Undergrad: 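Input: one structure, supplied below.
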Amino acid sequence: MKRKRYFRSYMEISIVGGGSWATAIANLLSDKEDVLIFARDRDVVESINHNHCNLKYFPEVQLNKNVKASNNIKDVFRNNYIINAIPTQNIRSVYESLSDFITDEKVIINLSKGLEMDSHLRISEIFKEIFGNLAYAIVSGPSHAEEVIKKMPTTVVCASNDINLAKDIQEIFNRDYFRVYTSTDLIGVEIASSIKNILAFGIGMADGLSYGDNAKAALITRGIHEMERFAKFFGAKDKTVNGLSGIGDLIVTATSKHSRNNRAGRLIGEGYSLEDVACKIKMVVEGIPTTKVVYEISKKHNIDMPITKEIYEVLFNGKSPNESVKDLMGRDLKNEY
């Protein structure tokens, strides 16, 4: 039986968001398609349209000429293929005002990670509340924009409840330097890609405290157990946590110089406040609100998440990072599994 196809042989794609990841994906897709970026920053729009670069994030990279930009968000909804690349906590407010522009033929491809603070919803659930059963997929995995824009080898996963949609997006995104796998475990990919940011923040905090490699290895390993425990509670598959959106993305986010979450954690470990961190990084650190959401969910459902709990205490209750580490090390002794 011939599978349903969502994409034509040629199309125009819109990306909501003008940050580094949106820019890297826009340039990747523009090898074959026309791409329109929505950005609030007029300077970014001007630099893309007139200089073919995003001066704010990649001033040294020349973008393909069929990458265009607009600061009128209604422009991007003229296309049927909408890529979301704005921070999770802004999704509802941006898209709710645009419900009149969303029709059944639109497809949402999400690049963002995290859980919504007030509702505790995953991103697919936010879009479903706003638009109903719209075609939706997420592209996730170990993929720093700084490397993708330079066409360094990268591998990700595209997850959707509709395998046909996932396969079509796989074909659209796949390049000789950008390999895409498919998955139908949407819950697992969304949860794993959210929790890895919490763990990367915690590992950065250990770096900031100068705790060394032993502590880092323990946080990664025990953190994976937390990720798995939380994801399985909501019906995710074990293999997904062990895959690109889970352990794969955790490795890159926890260890890379490009990681905002790791850098933010390191600054907290060094004694900086959340306000200081925001001033220094100047970009959204998704691990911070996600920590609050995951902690609240774990408390509600009695899911054992000791690392997440201690990071929450540091971020939101003013507990010292050193005290949190002592409390983690002093927990009741138990079997590893």
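If you read the sequence from its start, that first residue is 1, and numbering goes on from there. Heavy atoms only: backbone and side chains are in, while hydrogens, waters and symmetry mates are out. Keep in mind it's a predicted model, so treat the numbers as computed, not measured.
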Undergrad: Are the side chains of V293 and E116 in touch, meaning some heavy atoms are under 4.5 Å apart?
TA: no

Undergrad: Please confirm whether the backbone N or O of L115 pairs with a side-chain atom of Q89, one donor and one acceptor, at under 3.5 Å?
TA: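 Indeed, once roles are kept as given, a pair shorter than 3.5 Å links the two residues.
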
Undergrad: Could you point out which residue of I149, V35, N51 forms a side-chain contact (heavy atoms from CB on, under 4.5 Å) with L63?
TA: I149

Undergrad: Please say whether more than 12 non-hydrogen atoms of neighbouring residues, nucleotides or ligands are located less than 6.0 Å from OH in Y272.
TA: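 No, because the 6.0 Å sphere around OH of Y272 holds 12 heavy atoms or fewer from other groups.
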
Undergrad: Please walk me through it: do I73 and F101 pass side-chain contact (heavy atoms from CB on, under 4.5 Å)?
TA: CA-CA 10 Å; I73 197 167; F101 296 90; over 6 Å; no

Undergrad: If we count only N and O atoms by modelled type, under 3.5 Å, do the side chains of D276 and S273 hold a donor and an acceptor together?
TA: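 There is such a pair (donor and acceptor under 3.5 Å, judged by atom type) between the side chains of D276 and S273.
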
Undergrad: Go through the steps to decide whether F178 and L29 satisfy the test side-chain contact (heavy atoms from CB on, under 4.5 Å), and finish with yes or no.
TA: CA-CA 11 Å; F178 195 83; L29 293 173; over 6 Å; no

Undergrad: Answer yes or no: is there a donor N or O on one side and an acceptor on the other, between the side chain of N54 and the main chain of S47, under 3.5 Å?
TA: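 No.
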
Undergrad: Please check: side-chain N/O of D162 versus main-chain N/O of N164, any donor-acceptor pairing under 3.5 Å?
TA: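 Side chain of D162 to backbone of N164, a donor-acceptor pair under 3.5 Å: yes, one is there.
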
Undergrad: Indicate the ring-plane relationship of F131 and Y95, choosing parallel, tilted or perpendicular according to the 30° and 60° boundaries.
TA: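 Perpendicular: the ring planes of F131 and Y95 meet at over 60°.
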
Undergrad: Using a cut-off of 6.0 Å, state whether more than 12 heavy atoms not belonging to Y181 lie near its atom OH.
TA: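 No, not enclosed.
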
Undergrad: How long is the gap from OG1 on T308 to CZ on R229, to the nearest 0.5 Å?
TA: 9.5 Å

Undergrad: What's the verdict on side-chain contact (heavy atoms from CB on, under 4.5 Å) for L315 and F201, showing C-alpha distance, side-chain angles and the deciding distance?
TA: CA-CA 11 Å; L315 286 173; F201 186 95; 3.4 Å; yes

Undergrad: Closest heavy-atom contact between I86 and G17?
TA: CG2-CA, 3.8 Å

Undergrad: Side-chain contact test, heavy atoms from C-beta onward, threshold under 4.5 Å: evaluate it for F230 versus E228 and give yes or no.
TA: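 Of all side-chain heavy-atom pairs linking E228 with F230, none is under 4.5 Å.
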
Undergrad: Is it the case that more than 12 heavy atoms not belonging to K128 sit under 6.0 Å from its NZ atom?
TA: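 No, NZ of K128 has 12 or fewer neighbouring heavy atoms, counting only those of other groups under 6.0 Å.
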
Undergrad: Grab the two heavy atoms, one from V284 and one from R260, that are nearest each other, plus how far apart they are.
TA: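 Minimum heavy-atom separation between V284 and R260: O-NH1, 2.9 Å.
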
Undergrad: Check for a donor-acceptor pair, side chain of S160 on one end and backbone N or O of A137 on the other, with a separation under 3.5 Å.
TA: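 A pair under 3.5 Å: no.
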
Undergrad: Does any part of the side chain of E286, heavy atoms only, come nearer than 4.5 Å to the side chain of P289, both counted from C-beta?
TA: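 Yes, side chains in contact.
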
Undergrad: Is Y177 close to T154 at the side-chain level, that is, under 4.5 Å between some pair of heavy atoms?
TA: no

Undergrad: Any side-chain heavy atom of L55 sitting closer than 4.5 Å to one from D43?
TA: no

Undergrad: OG of S193 to CD1 of I138: how many Å apart, nearest 0.5 Å?
TA: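 Going from the OG atom of S193 to the CD1 atom of I138 covers 4.5 Å.
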
Undergrad: What's the shortest heavy-atom distance between P142 and L244, and which atoms?
TA: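 Residues P142 and L244, closest heavy atoms: CD-O, 3.3 Å.
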
Undergrad: Can any side-chain N or O of T184 pair as donor or acceptor with the backbone N or O of I163 at less than 3.5 Å?
TA: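 No, T184 side chain to I163 backbone: no donor-acceptor pair under 3.5 Å.
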
Undergrad: Rounded to the nearest 0.5 Å, how far does CG of N262 lie from CG of L199?
TA: 11.5 Å

Undergrad: Are L219 and I288 joined in one hydrophobic group, where the rule is that I, L, V, M, F, W and Y side chains link up if heavy atoms are under 4.5 Å apart?
TA: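 Yes, it is one cluster - the side chains of L219 and I288 are joined through contacts under 4.5 Å.
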
Undergrad: Quick check: are there more than 12 heavy atoms from other residues, nucleotides or ligands sitting under 6.0 Å from CG of N72?
TA: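 It does: N72 CG has more than 12 such atoms within range.
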
Undergrad: Which heavy atom of A159 sits nearest a heavy atom of D185, and at what distance?
TA: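 Looking at all heavy atoms of both residues, the shortest contact is CB-O, 4.3 Å.
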
Undergrad: With side-chain hydrogen bond (donor to acceptor under 3.5 Å, both in side chains) as the test, pick out the partner of K113 among D249, T88, N261.
TA: D249

Undergrad: Evaluate the criterion salt bridge (charged side-chain N to carboxylate O under 4.0 Å, His left out) for residue pair E129 and R92; output intermediate values, then yes/no.
TA: CA-CA 9 Å; E129 274 201 350; R92 187 179 295 275; 3.0 Å; yes

Undergrad: Say whether I83 and F127 are linked into one hydrophobic cluster, either directly or through other cluster members, by side-chain heavy-atom distances under 4.5 angstrom.
TA: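 Per the 4.5 Å side-chain linkage, I83 and F127 are not co-clustered.
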
Undergrad: Indicate, with yes or no, if I172 and V16 share a hydrophobic cluster defined by side-chain heavy-atom contacts under 4.5 Å among Ile, Leu, Val, Met, Phe, Trp and Tyr.
TA: no

Undergrad: If hydrophobic clusters are built by linking Ile, Leu, Val, Met, Phe, Trp and Tyr wherever their side-chain heavy atoms come under 4.5 Å apart, do I123 and L165 end up in the same one?
TA: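 No: no chain of side-chain contacts under 4.5 Å links I123 to L165.
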
Undergrad: Could you state the interatomic distance from CG (N79) to CG (D34), rounded to the nearest 0.5 Å?
TA: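 Result: 9.0 Å between the selected atoms.
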
Undergrad: When you measure from the side chain of N317 to the backbone of K319, do you find a donor-acceptor pair of N or O atoms at a distance under 3.5 Å?
TA: no

Undergrad: Could you check if a side-chain atom of N197 sits within less than 4.5 angstrom of a side-chain atom of T291, using non-hydrogen atoms only?
TA: no

Undergrad: Would you say I311 and M227 are hydrophobically clustered, going by side-chain heavy atoms of ILVMFWY under 4.5 Å?
TA: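 Looking at the clustering, M227 is in the same group as I311.
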
Undergrad: Nearest 0.5 Å please: distance from the CZ atom of F58 over to the CD atom of E146.
TA: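 The distance works out to 5.0 Å.
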
Undergrad: Using a 3.5 Å distance criterion without hydrogens, assess whether the side chain of K280 forms a donor-acceptor pair with backbone atoms of E275.
TA: no

Undergrad: Within the 4.5 Å heavy-atom criterion, are N49 and K68 side-chain neighbours or not?
TA: yes

Undergrad: Could you check V94 against N84 for side-chain contact (heavy atoms from CB on, under 4.5 Å), going step by step and ending with a plain yes or no?
TA: CA-CA 11 Å; V94 169; N84 174 68; over 6 Å; no

Undergrad: Drop me the distance from S298's OG to E226's CD, to the nearest 0.5 angstrom.
TA: 8.5 Å

Undergrad: Can you name the closest pair of heavy atoms from Q170 and V180 and give their distance?
TA: NE2-O, 2.8 Å

Undergrad: Taking the side chain as every heavy atom from C-beta outward, state whether N322 and Y211 have any atom pair closer than 4.5 Å.
TA: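 Yes - at least one pair of side-chain heavy atoms lies under 4.5 Å apart.
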
Undergrad: Checking salt bridge (charged side-chain N to carboxylate O under 4.0 Å, His left out) for the pair R331/D304: CA distance, chi angles, key distance, verdict?
TA: CA-CA 12 Å; R331 296 174 71 231; D304 188 28; 3.4 Å; yes

Undergrad: Return yes if some donor-acceptor pair links the side-chain N/O of R222 with the main-chain N/O of I307 below 3.5 Å, else return no.
TA: no

Undergrad: Using the rule side-chain hydrogen bond (donor to acceptor under 3.5 Å, both in side chains), only one of K292, K299, K300 pairs with E296; which is it?
TA: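 Filter result, single survivor: K292.
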
Undergrad: Identify the heavy atoms of S245 and G188 that sit nearest to each other, and give their distance.
TA: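 Closest approach of S245 to G188: OG-O, 4.5 Å.
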
Undergrad: Hey, is the main chain of H144 close enough, under 3.5 Å, to the side chain of E147 for a donor-acceptor pair?
TA: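 Not confirmed, E147 side chain does not pair with H144 backbone.
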
Undergrad: Under a 3.5 Å distance rule, please check whether T290 uses its side chain to pair with a backbone N or O of G287 as donor and acceptor.
TA: no

